[in-house]
Novice: 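Supplied in structure tokens, the structure appears directly below.
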Protein chains: 2
Amino acid sequence: MVTIGDVAKAAGVSRSTASYALSGKRSISDAVRLRVNEAVKTLQYTPNAGARSLATSQTKVIGLLAQFLDDEFAPAMLQYILGVSNTARELGYDILLVTDADGTSALRRISDSRMIDGIVLLNVAENDPRLDHLRAAQQPGALVGLPKDCDGLDVFDLDFEEAGRTMVDHLHRLGHRELILISQPQHVIDRGGAYVWRLQNAALAAAEARNITLHTVFAPSSQPAVGDALNELLDAHPTATGLLINNEAAAAALPSVLHERGLSTPKDLSVLGRYSDEFARTFSLPFSSIESAPDRLGSMAVRQLVRRIEGEIGPEEPNVVRFVTPDLIDRGSTAPPR
Amino acid sequence: MVTIGDVAKAAGVSRSTASYALSGKRSISDAVRLRVNEAVKTLQYTPNAGARSLATSQTKVIGLLAQFLDDEFAPAMLQYILGVSNTARELGYDILLVTDADGTSALRRISDSRMIDGIVLLNVAENDPRLDHLRAAQQPGALVGLPKDCDGLDVFDLDFEEAGRTMVDHLHRLGHRELILISQPQHVIDRGGAYVWRLQNAALAAAEARNITLHTVFAPSSQPAVGDALNELLDAHPTATGLLINNEAAAAALPSVLHERGLSTPKDLSVLGRYSDEFARTFSLPFSSIESAPDRLGSMAVRQLVRRIEGEIGPEEPNVVRFVTPDLIDRGSTAPPR
DNA sequence: CTGAAAGCGCTTACAG
DNA sequence: CTGAAAGCGCTTACAG
């Protein structure tokens with residue numbers, strides 16, 4: 001393989017001069033810079049990443065820990081991954097994608113071996129076992145998802161409380177007085193998916209404050225089952241006029257359920273979801289929704305992480321916990337109840 | 001950080017002995033091995049990946065080039081990625097996920113800088129511009145998807161010809177005499193998505209051989225548009241009794257289209273798709289289908305790649321081009337025409 | 001503005 | 001069975 005030594009020889013300079021000419025870390029005569037650049041081009045020189053990382057303790061790689069859990073809807077995950085990946089590339093970093101079932105040991109592996117400069121955690125749970133190791137790691141970490149203890153970590157998440165309030169308020173303003181909130185399965189809460197109850201509790205509080213009825217229910221996240229659950233739900237609350245959905249699988253299943261029941265939105269029922277616009281397009285969902293902004297959250301996490309990696313923010317500087325304010329995207333599925 | 005030097009010191013041996021004790025590449029007295037292992041444990045030693053790769057020219061990382069094209073249905077891609085990632089981990093490799101729009105330069109970047117030991121290409125086109133660089137690369141490559149020229153590359157793909165024949169034969173045997181085949185958009189073919197016409201041509205040939213009518217059409221891969229296309233199609237061919245679908249977005253949109261038209265399968269129409277079982281579950285698709293086996297294809301590609309990387313197959317050994325025989329998964333959406 | 005040299009943390013012939 | 005040393009390909013103080 002062609003090394004910087006070959007470049008140096010071809011340019012008639014020392015290896016250090018060749019290196020500096022490429023990095024620009026000290027002034028170089030135009031003549032030399034020109035010859036070095038030419039040598040690089042003709043020899044097709046590319047620095048060896050392993051050698052560089054050994055010398056600089058920098059890999060220019062970010063570890064991305066994504067878990068594909070049974071109780072979660074895989075297509076919704078993809079948006080976060082793409083948001084992280086695209087922003088990382090923009091900032092000059094590559095992505096080491098880790099999908100191990102055992103996230104903790106995977107984290108340790110890539111961190112301790114210095115394969116990466118920083119770590120993004122997706123799918124963060126209330127008491128995420130990965131966090132202890134992340135805090136102990138040499139590399140900075142950024143989370144998408146809010147754990148109980150954010151100490152020492154930069155955290156980005158949708159403001160699910162605000163999302164819950166907005167959903168209730170929006171339908172309340174339109175005149176609705178009895179609503180149903182469909183959340184992720186109980187199972188998601190059990191393993192620490194705090195966003196489920198963060199949204200739900202805020203929605204319940206808002207409903208109480210406005211003195212309206214809010215039925216809450218946990219629905220499955222797998223497709224055949226969730227359709228049945230939706231039907232049961234509509235049977236159980238025939239007087240409810242609005243449906244709030246914090247469950248991607250339920251949102252995806254709803255169009256055919258409504259169709260089967262001969263219901264149309266917003267005439268018979270107002271519907272308001274919580275998912276990304278990309279998700280809505282993929283599944284052709286005609287419901288207004290709270291934008292969950294996965295690409296933006298992934299991007300924010302990476303930007304902050306890179307600032308830490310590159311020392312723009314010192315390790316002593318306090319961690320940030322940033323909530324994205326939920327936007328409501330109107331697709332015309334809400335209206336006053338009839 | 002703790003190095004192998006620290007381990008050696010703690011165990012009272014030389015660095016080379018410590019290294020050999022860990023790699024097992026030469027015999028070591030039990031006493032020494034014990035002390036070394038103990039030192040590793042107490043010091044929490046993990047080898048530095050960059051240093052190791054510099055010394056061994058091995059990174060234990062596989063590059064995964066995935067393109068997310070507008071004309072393709074993103075959720076269908078995820079299965080390939082997961083298949084590759086999980087198998088790689090099983091074999092001791094990590095995944096560098098590259099989603100750059102410019103796949104060619106991304107390939108060059110990770111290859112020339114020796115960040116990876118081998119490369120998996122997803123979404124391979126008929127004349128894929130990435131292939132020239134892959135052939136010139138130092139690292140072996142494996143493809144998921146069949147290009148025109150497979151020379152020097154290991155290739156894995158579904159047998160789309162057989163898939164096309166099977167689809168036609170299956171409905172022919174049931175007594176159907178007029179079918180419609182819905183393919184990906186023309187656009188996919190234009191940029192080299194050979195699988196579209198591989199399936200279609202084989203289906204046409206099979207239809208001709210059996211003397212039945214097969215209407216073919218390219219439908220959009222985006223959701224609102226594809227629904228309209230399906231409706232037009234059913235309007236245009238009212239006497240057709242069977243629908244073959246080689247277009248994930250069309251398959252996802254079909255249930256509601258059928259519902260709107262008051263059609264049920266297989267009573268009014270027999271439907272046979274081509275997508276993965278995982279995809280069917282995610283979208284709750286009730287149609288029988290040809291399994292596209294993305295996880296299996298991804299896994300096969302990685303296994304072959306690792307065999308090349310680890311020298312079990314020499315570079316002079318001929319490349320393989322392997323087709324997965326399509327299985328038909330019966331979900332009860334086909335029956336004799338009425 | 002440039003060069004010779006040390007060092008990053010490993011592995012692996014070479015010697016014994 | 002074990003050790004001293006060279007080398008992988010970079011970067012970066014240290015000297016001039």
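Just so it is clear, the model here is predicted, and its values are computed rather than measured. Within every chain, numbering begins at 1; the chains are lettered A, B, ... in the order of the sequence lines, protein sequences first and strands thereafter.
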Novice: Is atom NZ of A:K9 surrounded by more than 12 heavy atoms (other residues, nucleotides or ligands) closer than 6.0 Å?
Specialist: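 No, the 6.0 Å shell around NZ holds no more than 12 heavy atoms from other groups.
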Novice: Take atom OH of B:Y45 and atom C1' of C:dT11, then tell me their distance rounded to the nearest Å.
Specialist: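 Going from OH in B:Y45 over to C1' in C:dT11 covers 10 Å.
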Novice: Taking only Lys NZ, Arg NE, NH1 and NH2, and the carboxylate oxygens of Asp or Glu, determine whether A:E38 and A:R33 approach each other closer than 4.0 Å.
Specialist: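 No, A:E38 and A:R33 are not salt-bridged.
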Novice: Test for a donor-acceptor pair under 3.5 Å between the base of D:dT11 and the side chain of A:R52, counting only N and O atoms.
Specialist: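 Donor-acceptor pair under 3.5 Å: no.
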Novice: For B:T3, report the nucleic acid contact type (base, sugar-phosphate, nothing); a contact means any heavy atom under 4.0 Å.
Specialist: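 Result for B:T3 = sugar-phosphate.
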Novice: Look at the side chain of A:S16 and the base of C:dA5, then say whether one donor and one acceptor between them are separated by less than 3.5 Å.
Specialist: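 By the distance-only test, no, there is no pair.
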Novice: Can a salt bridge be assigned to the pair B:R307 and B:D154 using a cut-off of 4.0 Å between side-chain N and carboxylate O?
Specialist: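 Between B:D154 and B:R307 there is no salt bridge, as every charged N stays at least 4.0 Å from the carboxylate O atoms.
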Novice: Any N or O donor-acceptor pair linking the side chain of B:R26 to the base of D:dT2 at under 3.5 Å?
Specialist: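 Yes.
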Novice: Closer than 3.5 angstrom, by distance alone: can the side chain of A:Q138 be matched with the main-chain N or O of A:S111 as a donor-acceptor pair?
Specialist: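 Such a contact is absent between A:Q138 side chain and A:S111 backbone.
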Novice: Contact class for A:S19 (heavy atom, under 4.0 Å): base, sugar-phosphate, or nothing?
Specialist: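 Base: the residue A:S19, judged by heavy atoms under 4.0 Å, touches a nucleobase.
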Novice: Taking atom types as they are modelled, is there a donor-acceptor pair under 3.5 Å from the base of C:dA4 to the side chain of A:Y20?
Specialist: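 Under the 3.5 Å cut-off, the side chain and the base do not form any donor-acceptor pair.
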Novice: Within the 4.0 Å heavy-atom criterion, would you say A:T56 contacts the bases, only the backbone, or no part of the nucleic acid?
Specialist: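 Sugar-phosphate, backbone atoms only, no base.
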Novice: We want to know whether A:N86 and B:T99 form a side-chain donor-acceptor pair, criterion being a heavy-atom distance below 3.5 angstrom.
Specialist: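 Distance-only check passes for A:N86 and B:T99.
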Novice: Report yes if a side-chain nitrogen or oxygen of A:S14 is closer than 4.0 Å to either non-bridging phosphate oxygen (OP1 or OP2) of C:dT2; otherwise report no.
Specialist: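 No, because none of the side-chain N or O atoms of A:S14 sits under 4.0 Å from OP1 or OP2 of C:dT2.
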Novice: Considering heavy-atom distances to DNA chain C, does B:K25 or A:T17 have its closest nucleotide positioned more toward the 5' end?
Specialist: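 It is A:T17 whose nearest nucleotide is closer to the 5' end.
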Novice: Go ahead and write out DNA chain C as dot-bracket, 5' to 3': ( ) for pairs within the strand, [ ] for ones crossing earlier pairs, | when the partner sits on another strand, dots for unpaired; Watson-Crick or G-U wobble, both distances under 3.5 Å.
Specialist: |||.||||||||.|||
Novice: Would you please test B:S16 and B:S19 for side-chain hydrogen bond (donor to acceptor under 3.5 Å, both in side chains) and show each step?
Specialist: CA-CA 5 Å; B:S16 58; B:S19 176; over 6 Å; no
